[in-house]
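Structure record follows, encoded as structure tokens.
Whatever order the structure lists ligands and atoms in, that order sets their numbers, starting from 1.
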Amino acid sequence: MSPFPTTADIRSDVQQALGVIGVDLDAVKGDAEVRSPITGEVIFGLAGHSAGDIDGIIGRAAAAFLTWREVPAPVRGRLVKRWGQLLVEHKEDLATLITAEVGKIRSEALGEVQEMIDVTDLAVGQSRQLFGKTMPSERPGHRLAETWHPLGVVAVISAFNFPTAVYAWNTALALVAGDTVVWKPSEVTPLSALATDALLARAAREVGVPADLHHVVLSDRSGGRQLVEDPRVALVSATGSVRMGREIAPVVAARFGRTLLELGGNNAAIVTPSADQDLALRGVVFAAAGTAGQRCTTLRRLIVHTSIADHFVGRIADAYRTLPIGSPTADGVLVGPLISRAAFDAQQAALAAAVDQGGEIVCGGGRVFADDQPSAYYVEPAVVRMPSQTDVVQQETFAPILYVLTYHTLDEAIALNNAVPQGLSSAIFTNDQAEAERFVSVSGSDCGIANVNIGTSGAEIGGAFGGEKETGGGRESGTDSWMAYMRQATNTINFSGQLPLAQGVEFI
Ligand code: UN1
């Protein structure tokens, strides 16, 4: 059995990390309980924001926008650059908080902080590249151009599983775009949010920009709802479940605000007969069992050719049986806890439904360490063979369950990949170039991410991230997503001294 820290150990690590980062512990203390999924016990009590507080915060962010939008974008980039430097300096401290709150293993927690650092680099470069196009006017003595301006207040609503990186994707670009940001982190991950925000506050002080350009709102769903309803919020960028997206989208649409949605995934990988099976095995196990199955990009469906299915699934099961499960603070552990009792209940319900629907559990699925850690929920990642893509396979269950389906022809495999409501990530393992090209072509995967010989998770920030269908259609990070945080204006400038009308129209 791997060693577990005591709750007191976790609490003291957390307090130390928060202190070093510069979060004023006395100022934030209150009654809302923050638990660590490592032991399931309370590590901190925090104060929350009232509706009145949130109203004031939105007002201050809206006022700060009027100053911030006038600061030249490359100068705005200096704030993000300094923030990135502070994230480098405090990478270990932030990782400690992420492990304590989310239960991510050290390597993945450090990776999450690196993802923040990477996106600050991207945003600093972008601050000199908020390009508008100029194009020929049809009229002599006229210039036609497009200009990009900041939007206003951006609300970022983030999920527990990437408590800081997804916020940083949004915030680094929103800040260089000239927006101000109000962040509503997941209720279960407020400490890493306070720390990330404290480093941004320090960067703002050092660079000499308005403190009110970023805020954290600590609240339950009601705080999120308030941000979504408030007409002063120009863009709501939200990551979470499809259910949450269905609540947010119509409310923002009714006031003609903008949304950027990154919702559920139900990601598949196709393994073809020509695949390098050693490579595919590693890719599949990381994508399916990594982060205890709690990424939007987690591999949930394996679509494997009938000719290799028994052998390949056997190898996955062998690898699963040796995966070290335990405290994410312990050396060598690869699978940490689920976030909560509710997550465990959902995992158990999904497995029961899978069996009901004709599935056969090949390995895993059970709870472990229940005696040592009665309030924490550690589970063995499960592999379940399914007769077809039944109801439960069509749903995203945020836990390490890998459903296996088989196929005969590539057409059939692609059809299975696409036959779910979600459209975030997908992959094919093949050494046949035609198969790979077909998968990434227009008649291949219908997802926002389509990979070849690599799993569904672990995307780099340089490429746009997001998905189609019920995943919500938003794109964050990467190439062109900066445009989502800006508004486009078209300028026709007449220096001809005449007034020729477009389309040859004659008037006065
Ligand atoms: C998420 O789970 O919401 O591609 C984000 C990945 C990570 C981001 C996941 N870079 O798995």
Side-chain angles (χ1 to χ4, degrees), residues 87 95 98 101-105 107-122 156-173 183-186 188-189 192-193 196 237-245 260-269 282-300 334-336 338-339 343 396-400 402 422-427 445 447-452 454-468 470-479 481:
L87 294 173
I98 292 168
E101 282 187 319
V102 185
K104 279 191 194 191
I105 61 171
S107 168
E108 292 196 54
L110 288 167
E112 168 147 13
V113 185
Q114 186 60 45
E115 199 159 340
M116 287 201 273
I117 296 163
D118 292 344
V119 82
T120 60
D121 285 350
L122 179 115
V156 180
I157 298 175
S158 58
F160 82 86
N161 65 326
F162 272 81
T164 58
V166 174
Y167 156 76
W169 295 349
N170 284 281
T171 300
L173 286 168
W183 180 16
K184 155 80 179 69
S186 158
V188 299
T189 57
S192 52
T196 302
S237 177
T239 303
S241 64
V242 173
R243 184 192 53 72
M244 180 198 77
L260 199 172
L261 299 175
E262 201 251 285
L263 309 174
N266 189 356
N267 316 297
R282 291 177 55 211
V284 165
V285 174
F286 169 66
T291 331
Q294 300 173 110
R295 290 193 190 212
C296 297
T297 48
T298 290
L299 177 62
R300 310 204 177 278
L334 295 179
V335 181
L338 294 179
I339 190 70
E396 178 188 48
T397 302
F398 229 55
L402 180 63
Q422 312 83 352
L424 179 56
S425 188
S426 59
S445 165
C447 295
I449 299 170
N451 294 336
V452 177
I454 190 165
T456 51
S457 65
E460 302 175 18
I461 57 88
F465 184 97
E468 304 304 331
E470 288 190 358
T471 302
R475 291 296 184 276
E476 293 169 319
S477 195
T479 48
S481 68

Atoms of ligand 1, numbered as shown, that sit under 4.0 Å from any heavy atom of Cys296: 1 (C), 2 (O), 3 (O)
Suppose I only count heavy atoms of Thr297 and a 4.0 Å limit; which atoms of ligand 1 are within that range? 4 (O), 6 (C), 11 (O)
Numbered in order shown, the ligand 1 atoms found under 4.0 Å of a heavy atom of Ala459 are 4 (O), 6 (C), 10 (N)
dist Asn161:CG -> Arg295:CZ (nearest 0.5 Å) comes out at 8.5 Å
Residue Arg295 vicinity, atoms of ligand 1 by number, heavy atom under 4.0 Å: 2 (O), 6 (C), 7 (C), 11 (O)
Nearest atoms (heavy-atom pairs only) where Ala287 meets Gly455: CB-CA, 4.3 Å
Looking at Ser457, which atoms of ligand 1 are within less than 4.0 Å of one of its heavy atoms? 11 (O)
For atom 5 (C) of ligand 1, the protein heavy atom that lies nearest, with its residue and separation: Phe162 CD1, 3.7 Å
Over all heavy atoms of both residues, which pair between Thr298 and Gly293 is shortest? Give the atoms and the distance, please. OG1-C, 3.4 Å
Inspect the contact between Glu470 and Arg243 and indicate whether a charged nitrogen and a carboxylate oxygen are less than 4.0 angstrom apart. no
First locate atom CZ of Phe398, then atom CZ of Arg300, and finally report the distance between them rounded to the nearest 0.5 Å. 6.0 Å
Residue-level breakdown please: for Ile461 versus ligand 1, do any non-hydrogen atoms fall below 4.0 Å on the side chain, on the backbone, on both, or on neither? neither
Looking at non-hydrogen atoms alone, which of Glu476, Glu112, Glu115, Glu262 comes nearest to atom 8 (C) of ligand 1? Glu115
Counting only N and O atoms by type, is there a donor-acceptor contact under 3.5 Å from the side chain of Arg475 to the main-chain atoms of Gly463? no
What closest approach, in Å, do Leu87 and Val113 show between heavy atoms, and which atom pair accounts for it? O-CG1, 4.1 Å
Near Asn161, which atoms of ligand 1 are under 4.0 Å from a heavy atom of that residue? 1 (C), 2 (O), 3 (O)
Val166, any N or O under 3.5 Å of ligand 1 N or O: no
